[in-house]
Structure formats: C-alpha cells, structure tokens
2 protein chains.
Amino acid sequence: MSKLDVGTLGEYIREQRNAAQMSLRQLAKSAGVSNPYLSQVERGLRNPSAEILTQIASALRISAETLYVRAGLLEAHDASGVRTAIARDSSLTERQRRAMLEIYSAFVAENAAEHDPVTPTDVSEDTTNRTKEDHDGNHP
Amino acid sequence: MSKLDVGTLGEYIREQRNAAQMSLRQLAKSAGVSNPYLSQVERGLRNPSAEILTQIASALRISAETLYVRAGLLEAHDASGVRTAIARDSSLTERQRRAMLEIYSAFVAENAAEHDPVTPTDVSEDTTNRTKEDHDGNHP
DNA sequence: CCTGGCTGCTTGCAATTGCAAACACTCTGT
DNA sequence: ACAGAGTGTTTGCAATTGCAAGCAGCCAGG
C-alpha cells in the first residue's frame, strides 16, 4: 500500500529542472545518474531509490526533504509541536528522547491538574491500542 | 560517493525494534516486508529503498525523518526545532519551559562530548524498558 | 523424548533498479 | 544540403532489491 506518487514526483523534478534551466543530460551528469534513467523518472515510469533522490535534490539545489515529501516518502512538516519536534530530532538518543517526552507529558499533566483537578490527562502512556494510525498526539 | 551508512541504519532499526519489544517477524508483518529481508536490513547487508524505510518507520511508530537521517539519506537539519517548539508552547509555565530547554541542552552537550566514532547505541541503563537478556547469537 | 511454537538466518528466484548504447528529432552554422 | 551539437526517448542487460520456502537453535509442556 501507500503507493508512491511517482507521477507528481517526476513532474516536480522536471519542473524544477526547467526552472533551473538545465538540460536533462546536465542534471543527470550533475546528479551522477544516467540520462535515460532520469528521463524515465521524470515521466513517472520508474520509482527511484532514496539515494538517487538525494543526488537529484543536491544537483537541483533543492531540499531533499521537499523532494521526499513530493515523492510521498515523508509526511509534510507539521511545524510546531513539542512532541513532534522531539520525535523528529535525530540528535537525541532514544533514551533521551523518551525522557524528554516523559518530562513534557508530566509538565502538561501537572498544569492540567492545577487548573482542573479532574483530568489526569495522559501521563500513562499508550498501553491502550490505537486503531487509527497516529504518529503523535500533540496539539498545544 | 554518498555512501549510505547501512550499518548504523540497521543497528538503529534493531535497537528500535527491541525497544518496542517486537520480534523480527512481528515488525516485518506490521511493516509489510518479508522477515528475511528485514533481517538482512538490520544486519546492514542490504540497502533498503525509501519506500521500505517509510513502512518500517511507520510500523515502529518513529519519525521517518529520523530514519532517513540515520540512513544518511537526509542531512540532520538544525534540530533547533525542539527549542522553538518549546519556546512557543503556551501550555508550559515559564519555569517548566526553562527546565526543558536546560535538559535539552544538557542532552545535546552530553552527546557532543561523547562523540563516539563507533556505535553510539548505548542503552546500558534504561529504566523504562527492559531489554531481555540479549544473547548474541551471530558472528560473521 | 519430542512435538509445537518461538526466535533469527540462509537460500534460490522473480521483479525491479539503474546504466551504456543507440535512436529520433530540432536547431544552428558552413 | 549536410554535418554537428543540442534536446529527450527507447532498448537490451548487469546488478540489486525484496520475497517465498526452508534451515537451525532455543524453550515450554505434554
């Protein structure tokens, strides 16, 4: 499932390439991929690996992130949200990440208790099952 | 060039899988990939496509971005996202806000200090999860 | 003991990626 | 007109991904 939207990905790459006024061969060479393959990718008949995508992004001087989003490989940025920010921060070790999430939850619960002692909110983590896909439960 | 760091990627995935207390087959099924392939990925002898990575990330309930960074497919972009998110969070008291920022800084400094060239997978003491006796059974 | 269930790992094999070579077409210049 | 240099596209083919089936080891409990 979660079929990649190769079509719009290819369109986007071609669009960016045209915007940069590069020929297919120029971009291909600069990105270190073959011209025919790039052609096929742009027309959506090939599903390029992430490695190729990064090379293309680099050659196009665009963010690899946006390219991934376009390819459907990455969720669009949620922007703010402490939990998502922590979850996304790759400079933290897993232990640290969990610690920070726990602390944050504790703080939020603490505040909720002060204002409205009836809801202990969600310090207890998700032992309950979540049927829907849920990446992060945050919204300040 | 742009050699993918499949080694640490695999380690990271396995680390996360163990942290989630899932068996290889469980994760494989949940991620929609085959068990043997996941095994090979975890041991760093296969270079999984981005599509597979997203599926694994989703099944592990971790950020796909983190996984990409770990795989060397994405630059670790600033990480100051955590600080701004904390700064903007209106549900925190000022004291809590400063505490979290301080903790975060401490964590980052801690990691910078260690600067371990090899496996930073240091899960030596973990109060939250209990990794069962890890009897290493493989030796290339 | 040994059957069943669990863990992860190895082995062929189909499908796909990604490339080198060659094709078709449009301009430009001589 | 024709050679030459651009453009993007098609065509086989090596290398790789990713999988189904099978293998080996470790525990519980008839």
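Within every chain, numbering begins at 1; the chains are lettered A, B, ... in the order of the sequence lines, protein sequences first and strands thereafter. Just the heavy atoms: all of them, side chains too, but no hydrogens, waters or symmetry mates, feed the values below. Computed from a predicted model, the values in this text were never measured in an experiment.
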Stretch residues 19-34 of chain A: residues that reach within less than 4.0 Å of DNA chain C through a heavy atom: A/R25, A/G32, A/V33, A/S34
Answer yes or no: is there an ion pair linking A/R98 with A/E94, defined by an N-O contact shorter than 4.0 Å? yes
Rounded interatomic separation in angstrom, taking CZ from A/R46 and P from C/dC19: 11 Å
Can you tell me if A/R46 uses its side chain to pair, donor with acceptor, with the backbone of A/Q40 under 3.5 Å? no
A/S23 and A/R17: side-chain donor and acceptor closer than 3.5 Å? no
Starting at CG of B/N35 and ending at P of C/dC9, how long is that distance when rounded to a whole Å? 11 Å
Give a yes-or-no answer on whether the side chains of A/R43 and A/S39 include a donor-acceptor pair shorter than 3.5 Å. yes
Could you check how far CG of B/L38 sits from P of C/dG8, rounded to whole Å? 9 Å
Interatomic distance, A/L53 CG vs C/dT17 P [rounded to whole Å]: 12 Å
Give the C-alpha distance, both sets of side-chain angles, the deciding distance and a yes or no for side-chain hydrogen bond (donor to acceptor under 3.5 Å, both in side chains) between B/T66 and A/R97. CA-CA 12 Å; B/T66 307; A/R97 192 191 318 282; 4.6 Å; no
Interatomic distance where CD1 belongs to A/I56 and P belongs to C/dT17 [whole Å]: 13 Å
To the nearest 0.5 angstrom, please state how far the OH atom of A/Y37 sits from the CG atom of A/L45. 10.0 Å
By nearest atom, which of the nucleotides C/dA21, C/dG18, D/dT17 is closest to the A/P36 side chain? C/dA21
To the nearest angstrom, the CZ-C1' distance between B/R14 and C/dG8 comes to 8 Å
Could you tell me how far apart A/L45 (CG) and D/dT11 (C1') are, to the nearest whole angstrom? 13 Å
Winner on side-chain proximity to A/S49, out of D/dT9, C/dG18, D/dA21, is C/dG18
A/S39 side chain near D/dG8 phosphate (N/O to OP1/OP2, under 4.0 Å): no
Between B/N111 (side chain only) and A/S91 (backbone N and O only), is there a donor and an acceptor less than 3.5 Å apart? yes
note: B/R43, atom CZ; C/dG8, atom C1'; distance rounded to Å ~ 8 Å
